[in-house]
Structure formats: structure tokens, C-alpha cells
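Everything below concerns the one structure shown next.
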Amino acid sequence: MMLKKTTSFFLITYLFGFNFTFSQVKFEKEYRLKIALVPEKAIQIIEKWNFKKKVKWYAEESQDGKTIEAKVCHNKHKLSLEFEENGNLIDIEKTVKFSNLQEDIQKNIEKTLSKRFKKFRIKKVQIQYKGEESAVYNKLFQLKSQHEEIIPKYEIIVKGKDEKRFQNFEILFNKNGEIEKELLIKSTDSTNLEF
Amino acid sequence: MKLSLTVFTTLFLGLSFFGQSDFNFGLLPKLVLSKKISDQTKWVNSIESRSIIYDDEYQFSHSLVDVSSIYSLKINTNQSFNFGYILRFRDSEIIHRTFQHYNFVNSYSSIKFGHRFAFEQFYQTDKQTTFRTRYRASLEKPLNGERVDVKEFYIKLGNEYLYDFDEDDLEIRLTPYLGYQATKKDKVELGFDYRLSNFINNLTENQLWFRATWYISI
């Protein structure tokens with residue numbers, strides 16, 4: 001009788017535990033967006049900024065809601081402009097080489113990473129500009145600005161070794177090279193490329 | 001005039017190419033079941049059958065069944081070693097095969113590029129063990145956005161080179177597939193598997209298979 005009780009207790013814990021982990025999984029979907037479905041305000045911003053290269057639009061859906069993303073190449077850098085669903089600009093991310101960052105920032109980030117991981121390799125670096133639209137514009141196009149200075153942050157994809165194994169992380173650093181946010185990137189399933 | 005001449009020449013050459021060589025067409029349905037054991041290991045089982053529809057003439061005959069079991073060990077974020085065993089049931093005979101794979105997959109913004117290096121050993125009663133080595137490059141590209149999400153289609157292209165040490169033969173495979181990610185746990189791929197072999201020995205064999213693969217993770 002006792003054994004039966006214990007078994008059912010574990011079974012229930014297991015089942016609830018399973019449900020719990022399952023509910024933690026964030027639903028995310030990303031797809032190309034036709035320009036007709038892009039919020040007017042976002043289009044106006046892009047038109048005003050007058051990029052020379054073609055702009056591609058994407059939508060990203062998650063439990064937190066939906067965001068719109070414009071991707072474009074500008075001065076040999078990949079830019080990603082993220083908008084709210086109503087077309088308000090959230091931020092801009094500019095892909096650069098790690099060696100393009102200021103030397104003191106490079107040093108600080110490397111110092112933080114060597115404390116955080118046994119071994120690491122930087123895979124992708126994006127400078128993030130967040131703020132009022134015209135201030136972001138001035139910052140991006142290196143124009144003199146009347147606005148409050150935008151302090152960039154750095155979103156970096158790192159392949160890092162914790163204890164035993166390597167994993168990929170998306171880490172947001174502030175201007176001092178300190179970690180503000182860390183996200184473990186779940187590796188995608190490649191069964192169909194292996195078997 | 002010029003155009004029709006080109007079309008005619010291409011058609012004629014194309015036909016004569018198949019005319020002088022052996023050509024087969026058939027079906028290759030496959031089911032792949034994978035079970036995660038730990039964060040670094042998984043167990044992959046598959047069953048594949050082969051039916052011939054055309055071989056010199058139209059027919060429908062069952063050719064063989066392959067049953068495989070593979071232990072997969074992830075050694076890095078994008079690299080793995082696979083160790084496997086295949087049982088091939090052909091008519092009344094059974095061919096045993098062991099193999100070792102080394103895989104690595106590179107992900108770019110919207111493309112996944114996979115490489116597979118393989119070494120295979122074939123064992124058969126009353127026959128000497130034979131060996132084969134192979135390399136495959138595959139590319140996967142979503143048809144919507146930069147990532148394959150649930151209920152989205154993708155294209156998968158593969159190119160493989162197989163070298164049989166025993167027969168001293170090189171085989172080349174081209175595999176264009178259309179894939180569909182049905183749920184988070186399963187995807188289906190439909191497409192062709194074109195195999196060109198024995199061209200080194202001037203006895204070119206062409207095989208065209210229609211493939212349907214169902215990948216399920218449990």
C-alpha cells in the first residue's frame with residue numbers, strides 16, 4: 001500500500017514536472033512579411049532613412065507579442081531595425097566585427113567572458129542602439145545630435161564552455177562590458193542533415 | 001530554328017545517354033525515429049524500404065528493406081559522431097553493415113550547411129568484408145523567413161560521393177527535397193534521389209528514386 005502511494009506520488013510529480021518544463025518553452029515563429037502588412041509608421045521611418053539597399057521585412061511572434069523587423073545592408077554592415085506592432089521603433093542592431101569595437105570595450109568584454117567561461121569564442125557581434133528615433137538616426141549616420149547621447153549596448157553570440165561542454169549564448173553587455181542579460185541558445189535539430 | 005536545333009540535340013543526347021546505360025526508377029520511403037537520451041546523446045532508429053517501378057521495363061517489385069540503429073554522440077555545439085548498424089534484408093539474404101559518421105553543421109543567417117564523412121563496413125555470409133567511404137554535403141533553406149518554424153516549408157539539397165574500395169567505383173548522388181516541419185517533433189521530406197555509378201568503368205548506371213522521409217523525435 002505504502003509502495004503504491006509512493007509510486008503514485010512520484011508519478012504525479014513527474015507528470016506535473018513534465019508539464020511545468022513544457023510550459024516554459026517559449027513559442028516563437030518568424031516569417032517574411034509582405035510590405036502591405038507592415039505598419040505604416042515603420043514604413044515611414046524606413047523611407048525617411050532612405051537606405052540604398054533593399055529592405056526585407058520579417059515578423060516575429062512569441063508569447064510576449066509580435067514584433068516587426070526590417071533587415072537591410074548599409075555601408076557593408078547588416079542592420080536590423082526592430083519595431084513594435086504599431087510601428088514604433090524599439091531598437092537598431094548593427095552587425096560588426098569584434099575588432100571594430102573600441103579597444104577598452106573589447107578588453108572589458110573579454111575580461112567578463114573569461115570570468116564567465118573556461119573557454120569561449122565570439123561568433124557574432126551586434127551594436128545595439130536604443131532610444132528616440134531621431135537620436136538613433138543621428139547615432140547611426142554619425143551626425144551631430146541635439147538629443148541626449150545614445151549609449152550603445154553590445155549583443156554578442158558566444159560559444160562558451162561552462163563546466164564540461166560548449167553551448168551557445170546570446171549575451172547583452174553594457175558600455176562597461178558587464179553582462180546585462182544572458183540567454184542560452186538551444187541548438188536547432190539537425191537530424192535531417194545527419195541521417 | 002537555332003532554338004529548336006538546341007532542343008533537339010539536348011533531347012537526342014539525353015535519350016542516348018540513358019539509352020546506353022542502365023536506368024532504374026523506384027520508391028524509397030523511410031521512417032526515422034530519434035530518441036534523446038541525454039543532452040549529448042541520442043538513439044536513432046530507421047526503417048527504409050525499396051520498391052522498383054522501372055528496370056528495363058515497367059514493373060512493381062519489392063527490392064529490399066533496411067533497418068538501422070544508430071548511437072549519436074554530440075561532441076560540440078555543431079559536431080557529432082554517429083555509430084550505427086544496418087541490417088539489409090534482400091530476398092533471402094541478410095547483409096550486415098556497421099558504420100561511423102562524423103558530422104558538422106554550420107548555421108548561417110538563413111542557411112544550414114551540413115557535412116557528413118562516413119566509413120562503412122559490409123559483412124555477408126561466405127563473402128569477404130567490404131568497405132566504403134562517403135562524403136555528403138547538404139544545405140537546408142527555409143522557404144519563409146530565415147528559420148524553419150512549425151508549419152513551414154524548406155528546401156534541402158544534398159550531394160554525396162561514395163567510393164567502394166572493393167569494386168573501385170565512385171557513385172555520385174544528387175538529392176533535392178522539399179521539407180515540411182509539421183510539428184516541433186516531426187518533419188516530412190519529399191523529393192528525388194538521383195544516383196550515378198559505374199561511370200568510371202564505362203558501364204554507367206542511373207538510378208532515380210522518389211524519396212519520402214518522415215523524421216520523428218520521441
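Throughout, protein chains are lettered first and strands after them, A, B, ... in sequence-line order, and every chain is numbered starting at 1.
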(Q) Can you tell me which portion of B:Ser72 sits under 4.5 Å from chain A's heavy atoms? Options are side chain, backbone, both or neither. (A) side chain
Q: Measure B:Ser80 against the heavy atoms of chain A and call it side chain, backbone, both or neither at under 4.5 Å.
A: side chain
Q. Between B:Phe113 and B:His115, how do the two ring planes meet: parallel, tilted or perpendicular, split at 30° and 60°?
A. perpendicular
Q | Contact winner vs chain A - B:Val105, B:Asn144, B:Ile70, heavy-atom pairs under 4.5 Å | A | B:Asn144
Q: May I ask you to decide if the ring planes of B:Tyr54 and B:Phe23 are parallel, tilted or perpendicular, using 30° and 60° as cut-offs?
A: tilted
Q) Would you call the rings of A:Phe169 and A:Phe117 parallel, tilted or perpendicular if under 30° counts as parallel and over 60° as perpendicular? A) tilted
Q: Pick one of side chain, backbone, both or neither for A:Lys78, based on which atoms fall under 4.5 Å of a heavy atom in chain B.
A: side chain
**Q.** Per-residue contact mode, B:Glu189 against chain A (heavy atom under 4.5 angstrom)
**A.** side chain
Q. Would you say the side chains of A:Glu69 and A:Ser80 form a donor-acceptor pair under 3.5 Å?
A. yes
Q) Checking heavy atoms, do the side chain of B:Tyr154, its backbone, both or neither come under 4.5 Å from chain A? A) side chain
Q. Is it the backbone or the side chain of B:Ser109 that comes under 4.5 Å from a heavy atom of chain A, or both, or neither?
A. side chain
Q.
If you count heavy atoms of other groups shown closer than 6.0 angstrom to OH of B:Tyr58, is the number above 12?
A. no
Q | Under 4.5 Å from a heavy atom of chain A, the part of B:Arg116 involved | A | side chain
Q: Take B:Glu146 and A:Lys56 through the test salt bridge (charged side-chain N to carboxylate O under 4.0 Å, His left out) and record every step on the way to the result.
A: CA-CA 11 Å; B:Glu146 295 193 333; A:Lys56 287 179 181 173; over 6 Å; no
**Q.** Option that, when pairs with chain B are counted at under 4.5 Å, heavy atom only, ranks first among A:Asn168, A:Thr191, A:Thr188, A:Asn192
**A.** A:Asn192
Q.
Between B:Lys42, B:Glu140, B:Arg136, who has the most heavy-atom pairs with chain A when the cutoff is under 4.5 Å?
A. B:Arg136
Q: Specify which of B:Leu139, B:Val32, B:Asp39 makes the most heavy-atom pairs with chain A at under 4.5 Å.
A: B:Asp39
Q. Just checking, any donor-acceptor pair under 3.5 angstrom between side chains of A:Tyr154 and A:Asn174?
A. no
Q: Check each atom of A:Tyr58 against the heavy atoms of chain B and say whether the ones under 4.5 Å are side chain, backbone, both or neither.
A: side chain
Q. Do we see a donor-acceptor contact under 3.5 Å between the side chains of A:Asn88 and A:Lys41?
A. yes
Q. With chain A, which of B:Lys151, B:His101, B:Lys156, B:Lys74 has the greatest number of heavy-atom pairs at distances under 4.5 Å?
A. B:Lys156
**Q.** Spacing of CD belonging to B:Gln40 relative to CD1 belonging to B:Ile75, to within rounding of 0.5 Å
**A.** 10.5 Å
Q. Would you call the rings of B:Phe117 and B:Tyr102 parallel, tilted or perpendicular, where under 30° means parallel and over 60° means perpendicular?
A. parallel
Q) What part of A:Lys71 gets closer than 4.5 Å to chain B, counting heavy atoms only: side chain, backbone, both or neither? A) side chain
Q) What residue in B:Thr77, B:Asn78, B:Val148 has the most heavy-atom pairs under 4.5 Å with chain A? A) B:Thr77
